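Everything below concerns the one structure shown next.
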Amino acid sequence: MDATSNPSSDPQIFDSLRLELRRGCLIVAVLAQLRAEHYGYTLRKALADQGLAIEESTLYPLLRRLETQQLLTSQWREEDKRNKRFYKLSTQGETILTQLLAEWNSINDSVNNILQNSDRHSDQTSSTSERTS
Amino acid sequence: MNPTSDLLARYLQAIGEHLPAATRDDVLAELRANLQAQLDDHAEELNRPLTDADIAAVLKDHGRPIVVAARYLPQQSLIGPAIFPYYLMTLRKAAPFAIVIIFLAHCSNILFVHTMPELIAGILRALGQLIPDLILFAAWITAAFAIGEYVYTHNPSKPFGASWDPTKLPAIKSQIKGKSRASRIFDLIFHCLWILYVLAIPGHPFLILGPGEFALRAFPVTFAPAWQTFYVLLLVILGFQLITKIIALNTHYDRAQVVLDLVTKLFGIATTAYLVTMKTYLVATGPSANLAMLANVNHWIGFGFRIVLLITLIDFLVEAWKLVRPSLGARSLVF
């Protein structure tokens, strides 16, 4: 069966593409949010409060990976009588974040240009077909 | 121990079982702090102490221990994406040869059987042993590539990188539609069986004569010595065909393949022509043989071979025409 003719497969395709799209964005968001110090749980809450919910099982290992890549620094500290691991953006992380944001803006501009051009093209096509009919 | 710490401790213990010792305590301490904070928040939202069910729901939402632990481990794969295409290509290219070699190795004992049931049982046994041996073959290839993956990931120079040259890519292939790969593999297997059959004939004439073998023994006649030359010629053709079929496995059906087929047919014509020139196919072995009848039999056998020669010649001409026709072009065909 043709994939386009099967509406039941659309949510699955969307979910899969959405996951791909979010993967890179989440790293940028996490790095940006960690300009201020957070431990895992409060970071997750802060991201969720700003509309970017992320699963614990994704976020916590991600923090460790970013730390291994030296983009974050961490330290164990007591807060509310409990030991917690606090993360913060490192100097190298700040540089990488700046580069990623430049890339992000460049992609955003390109996609916007493509969308504007395609909108203009579809408007022209529809007006031509209206005149013809 | 309160229910919170009990369930949480059991959950963390289950995760810890799948973590490496070097990082286990650190990861579990961090997870404990995060989960404890989450549970505290949840209790605050509900404005009551959490029940076992509440805690279980939070932990269930966090994920199965083995899956959670796996996310803290480096990404693992037996054969990674850089090596995998080469692995797949090797399996695809080597599998037909493995099938043929394994099958022939198991079929070799067929040459020494004496009866038809033994022959059939031998072939069936060879087919039965093919699948487990192929699985073993695939396992060895996989193991070799797993080692290759390890070497690749630990080698900073990363071979298979930018060392390929686009100008060395093969030329555009002819659009002549050929047999599928599966069909070519089966063709090769049946050809190997056919060779085994032909090799077994001298020791077991019943394979070609059937019950006629006993009838032939009743008369004072036997095959002419010239059949031995024919047998050698036949083996040469079969050997040549075997080589072309093996080459055809990994090449697309193109003009070269058609030419090879035509050369094979030409060998067949030469062999049939030799049969026609033999004239004497059966010879008397004793004085009691009816020579007039024997001459008549030889004449009709020769006549049969002439018809076969004619058919093979026509077939050759038709195939040669099919090969030459596209290259003549439409204009040259207008009379």
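Side chains included, hydrogens not; waters and symmetry mates left out as well; all remaining heavy atoms used. Everything quoted here is computed from the prediction, not taken from an experiment.
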- Query: Hey, which of A:E55, A:R64, A:E56, A:R65 has the most heavy atom pairs under 4.5 Å with chain B?
  - Reply: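 Ranked by heavy-atom pairs under 4.5 Å with chain B, first place is A:R64.
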- Task: Measure A:R44 against the heavy atoms of chain B and call it side chain, backbone, both or neither at under 4.5 Å.
- Result: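 It is the side chain, since no backbone atom gets that close.
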- Which atoms of A:T68 come close to chain B, meaning under 4.5 Å heavy atom to heavy atom: side chain ones, backbone ones, both, or neither?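 Answer is neither: A:T68 stays 4.5 Å or more from chain B.
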Hey, does the side chain of [X] reach the backbone of [Y] with a donor-acceptor pair shorter than 3.5 angstrom?
{"X": "A:S16", "Y": "A:Q12", "value": "no"}
{"X": "A:S106", "Y": "A:A102", "value": "no"}
{"X": "A:R85", "Y": "B:E30", "value": "no"}

- Does atom CG of B:L88 have more than 12 heavy-atom neighbours from other groups under 6.0 Å away? yes
- Message: Checking B:Y11 against B:H62: is there a side-chain donor and acceptor pair closer than 3.5 Å?
- Response: yes
Side chain from CB out, backbone as N, CA, C, O: work out which of these in [X] comes under 4.5 Å of a heavy atom of chain A, or both, or neither.
{"X": "B:D40", "answer": "side chain"}
{"X": "B:V27", "answer": "both"}
{"X": "B:L31", "answer": "side chain"}

